[in-house]
Amino acid sequence: MSSHSATDRRTFLAKGAALAAVPAAAALTGGPLAQPAFADDLPDYAPIPQAALGPAVNEQGYYVGRVRKNLYYVTDSAYQAAFLTTRDGVVLFDAPPTIGHNLQRAIDQVTAANGVSNKVTHIVHSHHHADHLGASSLFGKDVTRLGHTENKRLLIRDNDPTRPVPDITFDKHYTLRVGGERIKLTWHGTNHTADNIYIHLPDHETLMLVDVNLPGWVPFDTFNINEDVPGSLAAPGKALAYPWKHYIGGHMGRLGTRDDMVVYQQYLNDIVANVKKALGAVDPTPFFVKYGNNTWAAVKHYQAAQVDYAAAPVIKKYTGVLAAADVYTASTTFLILESIRLDLGVGSQVHA
């Protein structure tokens with residue numbers, strides 16, 4: 001195979017993994033897909049900064065790299081998992097279905113080269129979402145799974161055979177010791193989900209915190225659909241309180257650094273500051289005059305104006321700094337606006 005065709009295949013596999021990250025529309029509707037838009041009809045976006053991109057995946061659609069010492073991460077360019085090799089077996093952190101059987105292939109590749117066991121003995125759940133755990137069942141029943149107490153409750157509720165419930169749960173803290181290694185698991189309150197935990201490997205100077213900061217990129221649509229906006233806004237500060245050099249965010253192709261976390265935190269702070277300005281600066285009158293008793297139409301366009309007021313300077317500042325700043329900043333701004341309005345009461349007025 002030529003180097004050109006190999007590169008094309010890697011690109012296709014990476015894009016296929018990203019496509020697999022969202023539900024199949026045909027399966028949801030039970031019917032054929034609508035005709036795709038012509039390329040000329042689709043909007044253009046700013047180029048992706050080269051620094052946001054991770055390494056190329058191999059012919060099987062994955063890349064495995066060392067984080068530090070015997071800690072590794074594996075990615076398909078859209079999702080990430082990690083694993084720790086020990087003298088007693090392998091500890092796997094998450095099992096995204098888009099990586100699937102490539103998880104074991106990556107483990108086999110590393111352990112064969114290092115002459116250690118390739119058997120996965122433990123799987124640590126970052127949180128309950130299927131896009132990060134949907135390949136867990138591939139490792140069978142003879143594996144010890146760990147997660148927060150809420151993780152177990154949610155997985156029992158979801159009743160998904162691809163995501164077995166954890167065998168070991170904890171409320172606040174748990175230290176997993178395997179083969180002379182230690183892994184500190186901590187729950188600092190709700191953020192992306194009610195069960196999302198901080199996974200700290202102090203001997204490897206690494207923090208894994210999934211679906212909070214995607215290094216080099218802005219959050220996915222609508223602030224990554226975070227369940228607790230104030231908790232998610234506070235998460236970068238909590239992450240920076242840990243001593244670490246390497247960061248695993250669960251998505252995209254590369255590892256993160258402390259600088260990535262600082263930039264992400266400032267990005268959120270800029271949105272919050274602009275939202276607070278927008279809540280006082282945008283006049284609702286024209287929208288309600290225009291739409292009369294169609295309240296939802298008035299509210300829709302009023303809030304769209306607030307979002308544009310708050311998001312526009314952030315998009316301008318971070319285009320070329322964070323990938324897709326012009327794609328998802330507006331939807332993230334909307335959710336943060338609603339949280340600041342409803343959770344914090346900013347802009348709320350008592351009728352005289």
Side-chain angles (χ1 to χ4, degrees), residues 10 12-24 27 54 57-65 67 71-86 89-112 117-148 151-152 154-169 176 178 183 185 192-193 195-197 199 208-211 214 220 224 248-253 255:
R10 286 194 294 269
F12 173 79
L13 288 167
K15 291 180 178 178
L19 181 63
V22 297
V57 300
N58 62 19
E59 289 301 308
Q60 291 171 303
Y62 73 90
Y63 170 85
V64 61
V67 181
L71 176 66
Y72 300 83
Y73 85 108
V74 56
T75 182
D76 59 6
S77 294
Y79 280 83
Q80 296 175 348
F83 61 91
L84 182 70
T85 63
T86 82
V90 176
V91 180
L92 177 63
F93 304 92
D94 279 357
T98 65
I99 305 178
H101 290 280
N102 280 337
L103 291 166
Q104 188 65 60
R105 293 186 183 105
I107 292 168
D108 292 346
Q109 177 182 334
V110 166
T111 55
S117 172
N118 68 344
K119 179 174 175 54
V120 174
T121 60
H122 297 76
I123 300 178
V124 175
H125 298 178
S126 67
H127 64 300
H128 70 286
H129 280 167
D131 63 330
H132 291 278
L133 285 185
S136 177
S137 61
L138 296 180
F139 296 89
K141 298 180 180 179
D142 189 24
V143 175
T144 300
R145 294 172 170 87
L146 302 92
H148 186 257
N151 182 257
K152 183 173 184 177
L154 290 167
L155 289 177
I156 290 173
R157 177 203 67 180
D158 295 343
N159 191 28
D160 179 358
T162 71
R163 292 176 285 157
V165 300
D167 306 286
I168 297 174
T169 61
L176 173 62
V178 179
I183 302 136
L185 311 177
H192 174 60
T193 62
D195 61 331
N196 203 32
I197 61 171
I199 302 168
M208 183 172 183
L209 177 60
V210 173
D211 280 342
L214 316 182
F220 175 66
N224 210 28
I248 303 169
H251 278 283
M252 314 316 280
L255 298 174

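None of the values given here were measured: they were computed from a predicted structure. Computed from heavy atoms alone, side chains included, the values below leave out hydrogens, waters and symmetry copies.
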Reported [atom1]-to-[atom2] distance for the pair [X] and [Y], which is rounded to 0.5 angstrom:
X      : Y      : atom1 : atom2 : value
Ile123 : Asp167 : CD1   : CG    : 9.5 Å
Ile168 : Asn151 : CD1   : CG    : 12.5 Å
Asn224 : Leu214 : CG    : CG    : 5.5 Å
His128 : Ile156 : NE2   : CD1   : 13.0 Å

Measure the shortest side-chain to side-chain distance between [X] and [Y] over non-hydrogen atoms and say whether it is less than 4.5 angstrom.
X      : Y      : result
Leu103 : Val74  : yes
Met208 : Asp94  : yes
Phe83  : Val64  : yes
Thr144 : Thr121 : no
Phe93  : Leu71  : yes
Asn102 : Asp76  : no
Thr111 : Ser117 : no
Asp142 : Lys119 : yes

**Report entry** Any donor-acceptor N/O pair, Arg163 side chain to Leu155 backbone, under 3.5 Å
**Finding:** no
Query - Arg145 side-chain N/O to Ser136 backbone N/O, donor-acceptor pair under 3.5 Å - result: yes
Query raised in the report: Are Gln104 and Leu138 close enough, and set up right, to give a side-chain contact (heavy atoms from CB on, under 4.5 Å), and what steps lead you there?
Result: CA-CA 9 Å; Gln104 188 65 60; Leu138 296 180; over 6 Å; no
Closest non-hydrogen atom pair between [X] and [Y], with its separation:
X      : Y      : result
Thr169 : Pro166 : CG2-CG, 3.8 Å
His122 : Leu176 : CD2-CD1, 3.9 Å
Ala135 : Pro96  : CB-O, 3.8 Å
Met252 : Thr75  : O-OG1, 3.1 Å

Report task. Taking atom types as modelled, find out whether His125 and Asp195 have a side-chain donor-acceptor pair closer than 3.5 angstrom. Result -> no
**Report entry** No-hydrogen, no-angle side-chain donor-acceptor test under 3.5 Å, Tyr62 and Gln109
**Finding:** yes
Report task. Show your working on side-chain contact (heavy atoms from CB on, under 4.5 Å) between Thr85 and Ile107 and close with a plain yes or no. Result -> CA-CA 8 Å; Thr85 63; Ile107 292 168; 5.8 Å; no
Query raised in the report: Among Leu133, Thr193, Leu154, whose side-chain contact (heavy atoms from CB on, under 4.5 Å) with His127 holds?
Result: Thr193
Query raised in the report: Under 30°, 30 to 60°, or over 60°: which ring-plane class applies to Tyr79 and His251, parallel, tilted or perpendicular?
Result: tilted
Query raised in the report: Thr162: what forms a side-chain hydrogen bond (donor to acceptor under 3.5 Å, both in side chains) with it, not counting sequence neighbours?
Result: Asp160
Report task. Using the side-chain contact (heavy atoms from CB on, under 4.5 Å) rule, take Ile199 and Ile183 through it: C-alpha gap first, then chi angles, then the decisive distance, then the call. Result -> CA-CA 7 Å; Ile199 302 168; Ile183 302 136; 3.9 Å; yes
Report task. Step by step, work out the side-chain contact (heavy atoms from CB on, under 4.5 Å) result for Asp211 and His132. Result -> CA-CA 10 Å; Asp211 280 342; His132 291 278; 3.1 Å; yes
